[in-house]
Amino acid sequence: MTTETKTVGIQSLQIGLNILEILAREKEPLKFTDIQNLTAMTKSNLYKYLSTLSQFGLVYRNPYTNAYTLGHKLVQLGNAALGQSSLIEVVIPYIKKITDKTNLTVLLAVPSKNGPLISYIQSADDYGINIGAQIGTHLPLSSSTGVVFSAFEKDVRLKEWEEAELSRFNESELQQFQAEKEKTRGMFFASKTEPLIKHVSSFCVPLLNFNNELIGAITIVGITETVPKSANHPTGQYVLSIAKEISEYFGFKK
């Protein structure tokens, strides 16, 4: 017989963090009564928490409106966390895990004004294939990575890249692309059969941050017969779970 070990948290800290999450979620200044209604705390307890959070710069009370917002200290801490959390440094260990498990080549692509830019490649050990790209290559809209970037990227610069790429599509290709794009938004998964090189196919999943912004994408590449075309395939599910974990690290919540 086994017993489940539960992590014991500090209740007062949990309450304080909950207040911060409420202020972040509402995205507008809140009056004392607003916070009280959302937390169901007594006036005396809530006053103590807000006073303590204010002392440490985690919460700011406007002296003119008496409304509360997140404080400057959180900006400092957030910037420090981002400085310590380079995307590529975070993602590389996960990419190696994917390659070890799937024996497929894995790419990390990041946004640039010329489209998805490959910033890291982990090749499979058992065989070498020409994937039609290398570090520093910009991937086209017709690739699985391109579809993911089109589906999730909000940057205006990339919209210009997308429009330039779409201008080369005929009417049938445009309709097919729009259908793929909508499906990708729902599945967080795009696949392409031999988009760049014959016998080489890929699938791609997005990496998102706390603002639902695309910060990068993981693309799996291999010989067509070895690359799954569906998000329901065990390999697809595994890579999606990895992408979800990375995205949650950067604050994404689905």
Side-chain angles (χ1 to χ4, degrees), residues 6-91 110-113 148-162 181-182 184-188 205-217 240-254:
K6 294 184 178 180
T7 302
V8 179
I10 301 173
Q11 187 178 20
S12 58
L13 180 57
Q14 292 172 340
I15 294 171
L17 292 173
N18 182 53
I19 293 172
L20 295 179
E21 286 188 346
I22 287 172
L23 289 171
R25 185 177 67 240
E26 295 301 314
K27 297 181 180 178
E28 62 181 17
L30 296 178
K31 298 280 190 176
F32 184 94
T33 52
D34 296 327
I35 301 172
Q36 186 182 14
N37 290 334
L38 291 167
T39 60
M41 295 173 65
T42 64
K43 287 184 178 180
S44 59
N45 272 346
L46 180 56
Y47 176 80
K48 291 175 184 177
Y49 276 96
L50 289 174
S51 177
T52 301
L53 292 170
S54 297
Q55 288 175 26
F56 284 90
L58 300 175
V59 163
Y60 171 73
R61 183 180 70 84
N62 187 307
Y64 300 102
T65 64
N66 290 323
Y68 291 86
T69 58
L70 295 177
H72 65 88
K73 193 67 175 181
L74 289 173
V75 176
Q76 295 176 9
L77 294 173
N79 286 334
L82 288 173
Q84 295 171 5
S85 302
S86 162
L87 176 65
I88 192 166
E89 291 176 353
V90 172
V91 173
V110 297
S112 79
K113 67 178 182 178
V148 164
F149 270 65
S150 176
F152 292 97
E153 179 55 56
K154 302 174 183 178
D155 195 316
V156 174
R157 294 175 305 167
L158 273 169
K159 292 302 178 186
E160 295 175 359
W161 158 77
E162 181 178 357
K181 185 173 176 178
E182 289 304 313
T184 298
R185 281 179 177 155
M187 301 291 292
F188 288 73
V205 297
L207 302 175
L208 305 167
N209 68 8
F210 61 96
N211 275 333
N212 291 351
E213 296 168 335
L214 186 77
I215 55 176
L240 278 167
S241 70
I242 292 289
K244 181 173 182 288
E245 188 173 338
I246 295 170
S247 295
E248 288 176 347
Y249 176 87
F250 287 96
F252 172 73
K253 290 184 179 180
K254 186 175 179 180

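Every value quoted in this text rests on a predicted model; they were computed, and no experiment measured them.
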Evaluate Leu87 against Phe250 for side chain to side chain contact (heavy atoms under 4.5 Å, CB included), listing each step before the verdict. CA-CA 9 Å; Leu87 176 65; Phe250 287 96; 3.8 Å; yes
Verify side chain to side chain contact (heavy atoms under 4.5 Å, CB included) between Lys154 and Asn212, making sure each step is shown before the conclusion. CA-CA 9 Å; Lys154 302 174 183 178; Asn212 291 351; 3.9 Å; yes
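Atom NZ of Lys113 is surrounded by 12 or fewer heavy atoms from other residues, nucleotides or ligands within 6.0 Å. For NZ of Lys48, the number of neighbouring non-hydrogen atoms (other residues, nucleotides, ligands) closer than 6.0 Å is 12 at most. The 12-atom threshold is not exceeded at NZ of Lys244, counting heavy atoms of other residues, nucleotides or ligands nearer than 6.0 Å. Crowding of Lys73 atom NZ: a count of heavy atoms from other residues, nucleotides or ligands under 6.0 Å not exceeding 12.
The side chain to side chain contact (heavy atoms under 4.5 Å, CB included) with Gln36 is formed by just one residue from the set Leu50, Leu46, Leu30; it is Leu46. Tested against Met41 for a side chain to side chain contact (heavy atoms under 4.5 Å, CB included), the candidates Thr39, Leu38, Asn37 yield a single pass: Thr39. The only member of Leu207, Ile242, Ile215 that meets side chain to side chain contact (heavy atoms under 4.5 Å, CB included) when paired with Ser247 is Leu207.
Residues Thr52 and Leu58 fail the side-chain proximity criterion, which asks for heavy atoms closer than 4.5 Å. Within the 4.5 Å cutoff, side-chain heavy atoms of Ile22 are placed close to those of Arg25. Looking only at side-chain heavy atoms (C-beta outward), Thr69 and Asn62 stay at 4.5 Å or farther from each other.
With rounding to the nearest 0.5 Å, the separation of OH in Tyr68 from OG in Ser54 is 6.0 Å. Note that CZ of Phe210 and CD of Glu248 are 15.0 Å apart. Values are rounded to the nearest 0.5 Å. The distance from the CG atom of Leu214 to the CG atom of Leu158 is 8.5 Å, given to the nearest 0.5 Å. For the atom pair Lys253 NZ and Glu21 CD, the distance stands at 4.5 Å (nearest 0.5 Å). Atoms CD1 and CG, on Ile19 and Leu70 in that order, are 11.5 Å from each other to the nearest 0.5 Å. Rounded to the nearest 0.5 angstrom, Tyr49 OH and Leu13 CG are separated by 9.0 Å.
Heavy-atom minimum distance, Ala243 versus Pro206: CB-O, 3.7 Å. Here the shortest heavy-atom pairing between Gly16 and Leu53 reads O-CD1, 4.1 Å.
Aromatic pair Tyr47/Phe32: ring centres not closer than 6.0 Å.
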